[in-house]
Amino acid sequence: PSTEMAASDESPMVRPTVQELTAAGVEEPPRQYVLPEQDRHGDLLAADEFPEPTPLIDLSRLTDADEAERLRAALQTWGFFLATNHGIEESLMDAMMSVSREFFRQPAEEKQKCSNLADGNGKDYQVEGYGSDKVVSEDQVLNWSDRLQLEVDPEDERNLAKWRRHPESFRDVHKSTHQEPRK
């Protein structure tokens, strides 16, 4: 199969989603998803080359100076961390993963009902909704991801038109993640 998608009749600012590319049999990311060699950081390590595991930060201990320093170091060196003791029930995290997987397994037509392209031509991009990066130029390098971004807080700014009713429990599970007491 070809590694490039055929040109679309639509605006060049609209690109197929990653799921559409993989469903079409694309085996390698198209050029717009590949960072040019000269822009790559030569000193980056592959995951199996890291000298230490991903930092674990105990959120219940952040008032402790040592744990706060570990957080600062993790963000400065890694840019991310795994959070422990965050107070979110495992059953709620499992439910969120389940409804999220169900959402992304739906046909493209269903997911596009909450697209982040309000007008469908790529000129009226919104951060909130289903889709991928805002495409501003033909030579822009894109992230190899599709996402559903929802405004959850404050509650009065939620755009419920983007909050799907299928899977059936989608709204309830997403709302319940923000009803948990904050510690």
Rounded to the nearest 0.5 angstrom, the CG-CD distance for Leu21 and Glu28 is 13.0 Å
Count I, L, V, M, F, W, Y as connected when their side-chain heavy atoms are under 4.5 Å apart, and connections chain through other members. Are Leu82 and Trp78 then in the same cluster? no
Where do Asn116 and Ser132 come nearest, in terms of heavy atoms and distance? ND2-O, 3.2 Å
If you measure from SG on Cys114 to CD on Glu128, what distance do you get to the nearest 0.5 Å? 9.5 Å
What distance separates Asp146 CG from Glu20 CD, expressed to the nearest 0.5 Å? 7.5 Å
Leu62 with Leu75, same ILVMFWY side-chain cluster at under 4.5 Å: yes
Asp64 meets the side chain to side chain donor-acceptor pair (under 3.5 Å) criterion, sequence neighbours left out, with Arg61
I'd like to know if Leu142 and Val26 are part of one continuous hydrophobic network [Ile/Leu/Val/Met/Phe/Trp/Tyr, side-chain heavy atoms within less than 4.5 Å]. yes
For atom CD of Gln76, decide whether the heavy atoms of other residues, nucleotides or ligands shown that lie under 6.0 angstrom number more than 12. yes
Side chain to side chain contact (heavy atoms under 4.5 Å, CB included) partners of Gln112, counting only residues at least two apart: Thr17, Ser115, Tyr130
Pair Asn85-Leu59, side chain to side chain contact (heavy atoms under 4.5 Å, CB included): steps then yes or no: CA-CA 6 Å; Asn85 296 319; Leu59 296 184; 5.6 Å; no
Which residues pass the side chain to side chain contact (heavy atoms under 4.5 Å, CB included) test with Ala23, not counting sequence neighbours? none
Under the salt bridge (Lys or Arg N to Asp or Glu O under 4.0 Å) rule, what do Arg105 and Glu102 come out as? Steps first, then yes or no, please. CA-CA 5 Å; Arg105 287 183 183 135; Glu102 281 186 63; over 6 Å; no
Counting C-beta onward and ignoring hydrogens, is there a side-chain heavy-atom pair between Trp144 and Pro30 closer than 4.5 Å? yes
Tell me, please, which residues at least two apart from Glu69 pass salt bridge (charged side-chain N to carboxylate O under 4.0 Å, His left out). Arg72
What's the separation between atom OG in Ser98 and atom CE in Met93, rounded to the nearest 0.5 Å? 14.0 Å
Residues that Thr84 engages under side chain to side chain donor-acceptor pair (under 3.5 Å), provided they are two or more places apart: none
For Gln140, enumerate each residue passing the side chain to side chain donor-acceptor pair (under 3.5 Å) test, keeping only those at least two apart in sequence or located in another chain. none
Look at the side-chain heavy atoms of Ile, Leu, Val, Met, Phe, Trp and Tyr, link any pair under 4.5 Å apart, and say whether Met96 and Phe104 land in one connected group. yes
Let me confirm one number: the CG-CG distance from Leu71 to Asp58, rounded to the nearest 0.5 Å. 11.5 Å
